[in-house]
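Down below is the structure, laid out as structure tokens.
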Amino acid sequence: EDVASHGASIAGQAACFAVTSDFKLYKDGVLLSDACKNDSGGNCELTLATLNMKNANYYVGKSQYASDAYLKAVIRAVRISPTVLGASDMLVAPIHYDFAGGSLQASTGLTAPLHGNAKLGTTAGASNGVALDGSASTYVSLPGLALDAWTAFTIEVCADIPAAGG
């Protein structure tokens, strides 16, 4: 796989990002980073269980850390898979929130609650999706994932980032 530079700003762009449990980072299916090595020089393996994420809350637009900023973007889709996907398999997964389709319900039947000023629908200058304005307490919860039991995963988020940045 080709590795692309990832130092440029994504402000004003629509993009899909994916991270895998083997520490690969993709943008629109292009590998950006595969740099993690363990103490023995081998590839790192990441599981949410080893990160002590049991019973964690899973959000889009909000960090687990109170001092972090909230995201300003329109989230079009979130896909989570219990396996490491290759670039050709990106954007196809069992837990799938297609916000651009106008629904907060995942393909599994779970519903993603909106918080704060988060709004579902078309926003000025943006595509359909969940609009997050960057204000405090504005985010989307992803319920019932139980990711801490998975030994491998891929998490994908497609978003429109405003020109002023997110």
Taking all non-hydrogen atoms of both residues, which atom of [X] and which atom of [Y] are closest, and how far apart?
X: Lys27; Y: Leu32; value: CB-CD1, 3.6 Å
X: Ala73; Y: Ile161; value: CB-CD1, 3.8 Å
X: Ile75; Y: Ala159; value: CD1-CB, 3.8 Å
X: Ala118; Y: Leu132; value: CB-CD2, 3.7 Å
X: Tyr139; Y: Gly61; value: CB-C, 4.0 Å
X: Gly134; Y: Tyr70; value: O-CB, 3.5 Å

Are [X] and [Y] side-chain neighbours, meaning at least one heavy-atom pair lies under 4.5 Å?
X: Ser137; Y: His115; answer: no
X: Asn128; Y: Phe99; answer: no
X: Arg76; Y: Asp160; answer: yes
X: Val60; Y: Leu142; answer: yes
X: Arg79; Y: Cys158; answer: yes
X: Thr154; Y: Asp89; answer: no
X: Glu156; Y: Tyr26; answer: no

query: Got a second to check how far Tyr59's OH is from Gln64's CD, nearest 0.5 Å?
result: 5.5 Å

- request: To the nearest 0.5 Å, tell me how far Asp133 CG sits from Lys72 NZ.
  value: 7.5 Å

message: Please enumerate all residues that pass side-chain contact (heavy atoms from CB on, under 4.5 Å) together with Ala69, with sequence neighbours excluded.
response: none

Can any side-chain N or O of [X] pair as donor or acceptor with the backbone N or O of [Y] at less than 3.5 Å?
X: Asp98; Y: Ala77; value: no
X: Thr138; Y: Asn117; value: yes
X: Ser141; Y: Pro143; value: no

task: Evaluate the side-chain contact (heavy atoms from CB on, under 4.5 Å) criterion for residues Asp28 and Phe17: first the C-alpha distance (whole Å), next the side-chain angles of each, then the deciding distance (0.1 Å), finally the verdict.
output: CA-CA 6 Å; Asp28 294 329; Phe17 288 91; over 6 Å; no

message: Is there a side-chain contact (heavy atoms from CB on, under 4.5 Å) between Val130 and Leu114? Walk through the geometry before answering.
response: CA-CA 9 Å; Val130 172; Leu114 301 179; 3.7 Å; yes

- prompt: Given Thr20, which of Val84, Ile155, Leu85 fulfils the side chain to side chain contact (heavy atoms under 4.5 Å, CB included) condition?
  reply: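 The residue from Val84, Ile155, Leu85 that satisfies side chain to side chain contact (heavy atoms under 4.5 Å, CB included) with Thr20 turns out to be Val84.
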
